[in-house]
Amino acid sequence: MGVISIQHYASNDPIDALVAAHQPGHGLTRAFYSDPAIYERDMERLFRRHWHCLAHESVIPHPGDFELFRIENEAIILSRGMDGNVHAMLNVCRHRGAEVCTKPKGNAKFFVCPYHAWTYSNDGSLRAARLMPKDFDRSAHGLKKLHVRVASGLVFITFAENPLDFDPIEQSLRTSCGQYGWGEAKVAHRQTYAVDANWKLAVENYVECYHCGPAHPEYSQTHALEQPPEMIEKLNQAMEGRTCALGVEIGSGNHWQTSINGQEAIHTFRYALYDGISTGSEDGKPVAPLMGRFTDYDGGVTSIHLGGTSFFVCYPDHGMIYRFIPKTVDTCEMELIWLVRGDAEEGRDYDLEKLTWLWKVTTEEDKKIIEHTARGVASRFFEPGPIAPMEYNELRYIGWYLDEISRP
């Protein structure tokens, strides 16, 4: 797998100097996890530039449904308009800035600002502004909207005024998680984990499996990714043969790239479960009805990394969405979302405890590991060591991240 080269730009900026001083093949220095100025640049040049998965669209199934989401200091209203279209709007009144949506979720045709009663339709348009002059232009004062795209049931938003090209992303998702029926899936469970660590420590932990063997014994009993790629090549080949025999073709490919040419980053890869394992569960046995084009289990997993904060895991009988959400320079959240077939019923078709067991256990272990690391990295004596060969995805992620924050 290739490593993204870090572009250096002439600058007297101290953050740019830290980027230029980065030692290739090593992790990031302490300042990248603790400096408030770097955190603000992360928000400016990474979070407000890239696409982020906000939810699965099944959380707002009916016209008028809405849910409130928070990313860093921004509150976003995700709603389904009366015409069925999905909208994403900032929860900021265009008069004095009060929050117009005061409930976490529900169904509403209108949002009424509690301050001066300006009234907005659930598509963000301003419908009423009491006692304003006759020449007041309501059409120019709707809620500020974010670009939003729905692909294979996944809702993505971006804060960018001119968003990165999403069309290739949509195509990649259609040929990967789309084959697992995610467009017709529903949310079975959601759980948020608060983590006392900079968001990058959480993401870096997710993208590498060098730690899986010692830190995740439950995961490692069933997932071959805990071994180096060259050691599971035959397992992967056998998996691909089973997938092909089912008549299912999963698109994969490494399109992890910087945004310098206006493109979003995505990497889709597949790997085997161990022999006799059907899915990601405590005992490897099925936990829910088969989804999408799958008529049997292929003993494999499809994993997708997208845009730096959104990660997806596809099994034939359920799916996982992993969202990384920055809160402050030294805190973040991880939200896990479990997907099942749209017509599956809890208690009849799946047991929620069995469905969620593996990734709950794994994430609780990850939370501890990440927070252990955050406390260690906070030491003035911390020096980043060399990235191990099994951490190839982390090496790539670090190079990508440094390039992104180097470019205005």
Side-chain angles (χ1 to χ4, degrees), residues 176-177 180 188-189 191 193 195 202-243 246 248 250 252 267-291 294 296-305 311-322 334 336-340 349-373 388-394:
S176 55
C177 57
Y180 289 84
H189 185 65
Q191 187 157 336
Y193 295 80
V195 183
V203 173
E204 288 175 29
N205 173 76
Y206 181 91
V207 299
E208 56 91 354
C209 212
Y210 183 44
H211 74 283
C212 291
H216 300 309
E218 304 85 359
Y219 173 92
S220 297
Q221 287 178 358
T222 53
H223 293 67
L225 191 66
E226 54 98 16
Q227 296 190 58
E230 61 274 14
M231 295 182 64
I232 62 172
E233 189 173 342
K234 290 184 178 180
L235 278 172
N236 285 344
Q237 289 174 352
M239 170 202 68
E240 294 293 2
R242 290 190 295 269
T243 310
L246 292 173
V248 180
I250 307 295
S252 60
H267 180 205
T268 303
F269 60 98
R270 289 173 41 76
Y271 61 92
L273 299 166
Y274 284 121
D275 289 342
I277 302 299
S278 296
T279 191
S281 63
E282 182 174 8
D283 56 8
K285 294 180 180 179
V287 290
L290 287 164
M291 300 172 67
F294 283 83
D296 201 352
Y297 292 85
D298 66 344
V301 184
T302 298
S303 183
I304 304 163
H305 297 185
F311 301 86
F312 313 115
V313 179
C314 310
Y315 301 104
D317 61 353
H318 70 287
M320 296 297 306
I321 301 171
Y322 239 102
M334 301 184 294
L336 276 65
I337 304 170
W338 284 260
L339 301 177
V340 294
D349 298 310
Y350 64 93
D351 179 287
L352 190 60
E353 185 175 347
K354 290 182 178 179
L355 176 75
T356 60
W357 183 88
L358 178 65
W359 284 97
K360 279 185 176 180
V361 168
T362 302
T363 306
E364 287 163 0
E365 292 166 343
D366 277 333
K367 173 179 162 64
K368 292 179 182 178
I369 294 165
I370 296 163
E371 291 178 342
H372 280 311
T373 305
M390 271 194 72
E391 296 174 290
Y392 45 84
N393 278 336
E394 179 172 359

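This one's a predicted model, so the numbers in the text were calculated from it and none came from an experiment.
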Is any side-chain heavy atom of T373 less than 4.5 Å from a side-chain heavy atom of E204? no

Sorted by chain and number, sequence neighbours left out, side-chain contact (heavy atoms from CB on, under 4.5 Å) with E391 holds for E208, Y210, I387, A388, E394

message: Using side-chain heavy atoms (C-beta onward) and a distance below 4.5 Å, is N236 in contact with R270?
response: no

Given the options K234, Q227, E233, M231 meets side-chain contact (heavy atoms from CB on, under 4.5 Å) only with Q227

Checklist entry - Is the number of heavy atoms from other residues, nucleotides or ligands under 6.0 Å of K360 NZ greater than 12? => result yes

Scanning both residues in full, the closest heavy-atom pair of E226 with C212 reads CB-CB, 3.9 Å

Across all chains, not counting sequence neighbours, the side chain to side chain donor-acceptor pair (under 3.5 Å) partners of H223 are Y315

Classify the ring geometry between W338 and H189 as parallel (under 30°), tilted (30 to 60°) or perpendicular (over 60°). tilted

Quiz item: Is the shortest heavy-atom distance from the side chain of W357 to the side chain of L355 under 4.5 Å?
Solution: no

*asked:* Ring-plane angle category for F311 and Y206, please: parallel below 30°, perpendicular beyond 60°, tilted otherwise.
replied: tilted

Quick one: are D298 and L246 in side-chain contact, heavy atoms under 4.5 Å?
yes

When every non-hydrogen atom of H318 is compared with those of T279, the smallest separation belongs to CE1-OG1, 3.3 Å

The single option from V248, L290, T302 that satisfies side-chain contact (heavy atoms from CB on, under 4.5 Å) with Y180 is T302

Heavy-atom nearest pair, M334 first then A202, reads SD-CB, 4.5 Å

| Going through the checks in order, is the salt bridge (charged side-chain N to carboxylate O under 4.0 Å, His left out) test met by K368 and E364? | CA-CA 7 Å; K368 292 179 182 178; E364 287 163 0; over 6 Å; no

Q.
When you compare the side chain of T363 with that of Q191, does any pair of heavy atoms fall below 4.5 Å?
A. no

Is there a donor-acceptor contact under 3.5 Å linking the side chains of D317 and Y297?
yes

Q) Checking side-chain contact (heavy atoms from CB on, under 4.5 Å) for the pair H211/H216: CA distance, chi angles, key distance, verdict? A) CA-CA 7 Å; H211 74 283; H216 300 309; 3.1 Å; yes

For I250 and S176, the nearest pair of non-hydrogen atoms, with its separation, is CG2-CA, 4.0 Å

- Are S252 and F269 close enough that some pair of their side-chain heavy atoms sits under 4.5 Å apart? no

With the side chain counted from C-beta on, respond yes when M291 and C314 share a heavy-atom pair under 4.5 Å apart, and no when they do not. no

Scanning both residues in full, the closest heavy-atom pair of N393 with V207 reads CB-O, 3.2 Å

Original post:
Would you call Y193 and L336 a side-chain contact if the rule is heavy atoms closer than 4.5 Å?
Top reply: yes

Closest non-hydrogen contact found for S281 with V287 is CB-CG1, 3.5 Å

